[in-house]
Amino acid sequence: MTRSFSALTLFKEGVTGHAGWAPLWRRAQPKPSYDAVVVGGGGHGLATAYYLAKNHGITNVAVIEKGFIGGGNTGRNTTIVRSNYFYPESVALYDFALRLYEGLSKELNFNIMLSQRGMLIVAHTPAQMEIANRIANAMQINGVDAELWTPEQVRRKIPILNDGPDARYLPHGGVWQGRAGVARHDAVAWGYARGASNLGVDIIENCEVADFIIENGACAGVETSKGRIQAPTVGVAVAGHSSVLAGKAGVSLPIQSYALQAFVSEPLKPCFDTVLLYLGTGTYLSQSDKGELVIGGGLDRIPSYRQRGNPALQETIISGLLEMIPALGQTRLMRQWAGIVDVVPDSSPIIGPTLVRGLYLNCGWGTGGFKAIPAGGWLLAHLMAKGEHHPISRPFDLDRFAAGRLIDEAAGAGIAH
Ligand code: FAD
Ligand code: PYC
């Protein structure tokens, strides 16, 4: 649905508290049964519902969200999108997502504010440069844009980097991906929610899934805080809580959950036109369209479900920022928050069926699932509609842990684990 606004309409909306604005999606109440249920109204769950309807014509679908749409990690992340991973399986997955992102504003008729401003991973030692070199080579072999940069290219791109005699980590070079960048996280959730709702999907907020209905070894629906809902196919995309919920169906996952923190500064004039990850400090940085610096670093050290983050790591991340760019020393921080991420031993996601027939998983994205939302939704929808893997999701099946076919992306994940 497209609406056009004149200046007068905008003024009227401003003074009437947006009284004329239509909600982006229908506020649905649950029906007793659906053809498919998706648990979790984050980006992955909403994209799954959208592609079930759009790609497979399955529209009698409910998305069940315990809080509000996008209130989980989708609304808490630092919005980086990229496909600079190491293994062919991962590049196929993350570059598929990036290509879908490149067309997503048009697909959803909703501006997701994709800004492909490029991402630079800076290395400081010959050993880090060796890894950077291998990632760049692997990406090029897999057909994805990647450049290996010299220290001079790094300095030219980011002149405010600490390069003086007191610098602890001098740039030794880096990997540049020009198609990487940022996208507005809320818009991704809202765009998919509106698209799915327009195709007939019920989006049910403030409704918690407490258990699964299991009959003869197959999933037959969910028990929720708003009653029982039957469905022959259930997809679960509840980052941070995946192992707890899967445990209710008797499915044990190789996942540990940690808090991952982020910060924004007061708005500054445009001073930083790329995305930077500094391997020396583990701190990363970009500047939002409002001018705020968006800052983050490694995982908290101890598994936890506290969505706050611990002060020791806050100090590490911020001291890393000041080491990288001492000129930011007078900048005030406005907010700090954390999200709970589900970390898998090989730092790759789990997408696939479970031993319970009709129950499918999309989880284990750890610190890096925002960039994968379009692909995660597309692939889970494929599984739920056809009962079998899309070739891109096959390597990410849960069976890789029994088979020892791990896809170790600890380096590609970029964030210290
Ligand atoms: P979520 O958005 O968390 O959605 C899951 C939903 O499930 C939640 O809304 C939750 O309320 C709901 N839910 C949970 N349990 C139940 C239940 N029992 N019943 C019903 N609903 C339930 N990734 C990147 O690619 N780039 C980044 O720059 C990046 N930065 C990050 C920075 C931070 C600080 C954090 C925390 C994460 C970051 N990530 C990043 C990771 C990324 O945010 C996540 O991998 C991604 O958002 C996961 O999406 P999702 O839809 O699976 O999960
Ligand atoms: O996956 O690119 C990423 C990322 C950056 C910060 C957190 N995750």
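Ligands are counted one by one from 1 in listed order, and the atoms in each one are counted from 1 as well.
Heavy-atom contacts from other residues, nucleotides or ligands closer than 6.0 Å to NZ of Lys157 number more than 12. Residue Arg99 qualifies as enclosed at atom CZ: its count of foreign heavy atoms under 6.0 Å is above 12. Glu152 CD: more than 12 foreign heavy atoms inside a 6.0 Å radius. Heavy atoms from other residues, nucleotides or ligands lying under 6.0 Å from CZ of Arg357 number 12 at most. Within a 6.0 Å sphere centred on CZ of Arg26, other residues, nucleotides and ligands contribute more than 12 heavy atoms. The number of heavy atoms from other shown groups lying within 6.0 Å of CD1 (Ile160) is above 12. Summarising the local packing, CZ of Arg405 is surrounded by more than 12 heavy atoms from other residues, nucleotides or ligands at distances under 6.0 Å. Counted within 6.0 Å of CZ on Arg27, heavy atoms from surrounding residues, nucleotides or ligands total more than 12; the atom is thus considered enclosed.
For Arg76, no nitrogen or oxygen atom sits less than 3.5 Å from a nitrogen or oxygen atom of ligand 1, counting backbone and side chain alike. Where the criterion is an N or O separation shorter than 3.5 Å, residue side chain and backbone included, Gly43 meets it with respect to ligand 1. Here's the thing with His241: none of its N/O atoms is less than 3.5 angstrom from an N/O atom of ligand 1. Any N or O atom pair closer than 3.5 Å counts here, and Gly368 shares at least one such pair with ligand 1. In terms of N/O distances under 3.5 Å, ligand 1 is approached by Gly369. Here's the thing with Thr78: one of its N/O atoms is less than 3.5 angstrom from an N/O atom of ligand 1. Some N or O of Asn73 is nearer than 3.5 Å to an N or O of ligand 1, by distance alone. At under 3.5 Å, a nitrogen or oxygen of Phe370, whether backbone or side chain, sits near a nitrogen or oxygen of ligand 1. For ligand 1, the polar-atom distance check against Ile80 finds a nitrogen or oxygen pair separated by under 3.5 Å.
Distances below 4.0 Å separate heavy atoms of Gln261 from the following atoms of ligand 1: 34 (C). Atom numbering of ligand 1 starts at 1 in the shown order; those under 4.0 Å from a heavy atom of Gly339 are 36 (C). Residue-ligand proximity, Ala262 to ligand 1, at heavy-atom distances under 4.0 Å covers atoms 34 (C).
Ionic pairing of Glu388 and Lys386 is not present here: no N-O contact between side-chain nitrogen and carboxylate oxygen is shorter than 4.0 angstrom. A salt bridge links Asp346 to Arg400: at least one charged side-chain nitrogen sits closer than 4.0 Å to a carboxylate oxygen. Using a 4.0 Å cut-off between charged side-chain N and carboxylate O, Asp95 and Arg179 make a salt bridge. Taking 4.0 Å as the cut-off between side-chain N and carboxylate O, Arg228 and Asp211 do not count as a salt-bridged pair.
Distance from atom 7 (O) of ligand 1 to its nearest protein heavy atom, with residue and atom name: Gly40 CA, 3.4 Å. The protein heavy-atom contact nearest to atom 13 (N) of ligand 1 is Val238 CG1, 3.7 Å. For atom 6 (C) of ligand 1, the nearest non-hydrogen atom of the protein is Glu65 OE1, 3.4 Å. Protein heavy atom closest to atom 35 (C) of ligand 1, with residue, atom name and distance, is Leu260 CD2, 3.5 Å. Atom 20 (C) of ligand 1 has as its closest protein heavy atom Lys66 N, 3.3 Å. Looking only at protein heavy atoms, the nearest one to atom 25 (O) of ligand 1 is Lys371 N, 2.8 Å. Closest protein heavy atom to atom 19 (N) of ligand 1: Val209 N, 2.9 Å. With respect to atom 2 (O) of ligand 1, the closest heavy atom belonging to the protein is Thr74 OG1, 2.6 Å.
Within the 4.0 Å heavy-atom criterion, neither part of His185 lies near ligand 1. Within the 4.0 Å heavy-atom criterion, neither part of Ile340 lies near ligand 1. By the criterion of a heavy-atom distance under 4.0 Å, the backbone of Ile64, and not its side chain, is placed next to ligand 1. Contacts of Thr79 with ligand 1, taken as heavy-atom pairs under 4.0 Å, involve the backbone alone.
Checked against the 6.0 Å centroid threshold, Tyr278 and His124 count as a close aromatic pair. You'll find the ring centres of Tyr87 and Tyr94 outside the 6.0 Å limit. Annotation: Phe396 is not in aromatic contact with His389 [ring centroid separation under 6.0 Å not met].
Distances from ligand 1 to the non-hydrogen atoms of Gly366 include at least one value under 4.0 Å. A heavy-atom separation below 4.0 Å is not found between Gly296 and ligand 1.
Contact shell of ligand 2 (protein heavy atoms, cutoff 4.0 Å): Thr78, Ile80, Arg82, Tyr284, Thr367, Gly368, Lys371, Ile415.
Two residues are said to be in side-chain contact when any heavy atoms from C-beta on lie closer than 4.5 Å; Glu205 and Ile69 meet this criterion.
Evaluated for a side-chain contact (heavy atoms from CB on, under 4.5 Å) with Leu276, the options Val154, Ile121, Val122 yield exactly one hit, Val122.
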Evaluate the side-chain contact (heavy atoms from CB on, under 4.5 Å) criterion for residues Phe401 and Ile350: first the C-alpha distance (whole Å), next the side-chain angles of each, then the deciding distance (0.1 Å), finally the verdict.
-> CA-CA 10 Å; Phe401 299 98; Ile350 298 169; 4.1 Å; yes
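In the model, Glu323 has no side-chain atom that pairs as donor or acceptor with a side-chain atom of Thr281 under 3.5 Å.
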